[in-house]
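Everything below concerns the one structure shown next.
All values reported here derive from a predicted model rather than from experimental measurement.
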Amino acid sequence: HSPHQWPRRPPDLEWVSKVRVNTQAVLKRAQQIQGGKVAKKQWQAAWLLKAVTCIDLTTLAGDDTPSNVHRLCMKATQPIRHDLLKSMDMHDKGITTAAVCVYPSRVADAVKSLKAANSSLPVASVATGFPAGQTPLKTRLAEVQMAVEDGAVEIDIVINRTLALTGQWAALYDEIRQFREACADAHMKTILAVGELGTFTNVYKASLVSMMAGSDFIKTSTGKETVNATYPVAIVMVRAIRDYFLRTGYKVGFKPAGGIRTAQESVVWLTLMKEELGDEWLNPHLFRLGASSLLADIERQIYHYVTGRYPAYHELPMA
């Protein structure tokens, strides 16, 4: 999966200007997805392992240190206890999370930890004035370059919500293009911060502009907004991904993030992808789950699947 071929053609602003999203239809579809049937036992376990392989295991805290970043990296390389995987005959399938995701200043720590563990797991970094994006363009670009220099191979950028809210789509495109170039060979995930975009129509337009500017993924949220990944907003974004694919032939990935904490939710997200975009999008090249506490619950459910009981607090290592 190579990053978008850029330079690309100028943005199709006429397409953007014509967008209208039918709110009622979106809400209705989101309810159908949520109310759908959940997979039975052995299938449930398979879905949960699939979810693990799509997680961007994340720590984005003011008190991150080399040691908790190291612990995160170790968890990412062995997300589910070996004996549990063995009893499912999945111990030799190389199950890891999709990536680890950290702040730019912690990229070097993560790269070092993974190298020492002989792991090729990708390191993702947030950048561009995360989470608010309210810093000068010059420093937002410098942040991307520094993260890439430190070894990040994926960059989760945030868009400038001000440009989206004031309808300055050409200017937004231009900024994201510059981020794309600063990423060089790194994959770029573009965070829309949907909780701050106001309307579904704006979410769809921001999705389109982000894809036109060369994003490899579009991502719902930073996890720091009041409203994060919700199913209705996801429907809007994946419909934009589908329309963009049908019109251009480019497959862009999707990453919900923020507040995704339970194993059951992760299965709903996979179901949404399967039904809206098809099986091809059910892999880490085109689907990621941004999460920190989700993995612990998935491991708990897998423990239950294997042993028939839920683990005591001390039986599973910290996620």
Is it true that, when you exclude [X] itself, more than 12 heavy atoms of the residues, nucleotides or ligands shown sit nearer than 6.0 Å to its [atom1]?
X    : atom1 : result
K224 : NZ    : yes
Q264 : CD    : no
N118 : CG    : no
E315 : CD    : yes

Side-chain heavy atoms under 4.5 angstrom apart, residues restricted to Ile, Leu, Val, Met, Phe, Trp, Tyr: same cluster for [X] and [Y]?
X    : Y    : value
I241 : V26  : yes
W43  : I80  : yes
L49  : L316 : yes
I260 : V227 : no
L172 : I155 : yes

Worksheet item: Which is it for D89 and H91 under the side-chain contact (heavy atoms from CB on, under 4.5 Å) test, yes or no, and what are the steps along the way?
Response: CA-CA 6 Å; D89 202 24; H91 55 292; 3.6 Å; yes

pair [X]-[Y]: side-chain heavy atoms closer than 4.5 Å:
X    : Y    : result
S292 : L57  : no
V102 : D64  : no
P79  : I55  : no
W47  : K274 : yes
E265 : L294 : no
T97  : D56  : no
D63  : N68  : no
V126 : T222 : no

Worksheet item: Would a distance-only check, ignoring hydrogens and angles, find a side-chain to backbone donor-acceptor pair under 3.5 Å from R140 to T135?
Response: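 Between the backbone of T135 and the side chain of R140 there is a qualifying donor-acceptor contact (under 3.5 Å).
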
Worksheet item: Distance-only, no hydrogens or angles: does the S113 side chain make a donor-acceptor pair with backbone N or O of A110 under 3.5 Å?
Response: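 Judged by distance alone, no pair lies under 3.5 Å.
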
What distance do [X] atom [atom1] and [Y] atom [atom2] have between them, rounded to the nearest 0.5 Å?
X    : Y    : atom1 : atom2 : answer
D174 : F179 : CG    : CZ    : 10.0 Å
D109 : L114 : CG    : CG    : 11.0 Å
K18  : K205 : NZ    : NZ    : 12.0 Å
L163 : E175 : CG    : CD    : 5.0 Å
I191 : I159 : CD1   : CD1   : 10.0 Å
D156 : L60  : CG    : CG    : 8.5 Å

Where is the tightest heavy-atom contact between [X] and [Y], given as atom of each residue plus distance?
X    : Y    : value
P131 : V158 : O-CG1, 4.0 Å
V52  : I298 : CG2-CG2, 3.7 Å
F217 : R288 : CE2-CG, 3.6 Å
V238 : E276 : CG2-CB, 3.8 Å
A98  : P122 : O-CD, 3.2 Å
T220 : A257 : OG1-N, 3.0 Å

Can we say [X] and [Y] salt-bridge, meaning some charged N sits less than 4.0 Å from an Asp/Glu carboxylate O?
X    : Y    : answer
K86  : D83  : no
D216 : K255 : no
E299 : R81  : no

What I want to check is whether the side chains of [X] and [Y] have a donor and an acceptor closer together than 3.5 Å.
X    : Y    : answer
T166 : Q168 : yes
Y305 : Q44  : no
Y204 : R20  : no
S210 : T190 : no

Worksheet item: Relative to each other, are the rings of Y231 and W269 parallel, tilted or perpendicular (30° and 60° limits)?
Response: tilted

Worksheet item: Angle class for the F254/F287 ring planes (parallel below 30°, perpendicular above 60°, tilted otherwise)?
Response: parallel

Fill in: Criterion side-chain contact (heavy atoms from CB on, under 4.5 Å) on M188 and I176, from CA distance to verdict
CA-CA 10 Å; M188 183 172 81; I176 300 172; 3.6 Å; yes

Discussion item. If you apply the rule side-chain contact (heavy atoms from CB on, under 4.5 Å), what do you find for D243 with R247, and how did you get there?
Written reply: CA-CA 6 Å; D243 294 344; R247 197 177 289 204; over 6 Å; no

Tell me which donor-acceptor pairs under 3.5 Å the side chains of residues 142-153 have, and how far apart each pair is, sequence neighbours excluded?
from : atom 1 : to   : atom 2 : distance (Å)
E143 : OE1    : T128 : N      : 2.8
E143 : OE1    : G129 : N      : 2.6

Taking distance alone, no hydrogens or angles, what donor-acceptor pairs closer than 3.5 Å link side-chain atoms of residues 193-202 to residues at least two apart or in another chain?
from : atom 1 : to   : atom 2 : distance (Å)
E196 : OE1    : R161 : NE     : 2.9
E196 : OE1    : R161 : NH2    : 3.1
T199 : OG1    : N202 : N      : 3.0
T201 : OG1    : V21  : N      : 3.2
N202 : ND2    : L197 : O      : 3.0

Worksheet item: How far apart are the C-alpha atoms of Q134 and T162, what are their side-chain angles, what is the distance that settles it, and do they pass the side-chain contact (heavy atoms from CB on, under 4.5 Å) test?
Response: CA-CA 9 Å; Q134 296 278 18; T162 308; 3.6 Å; yes

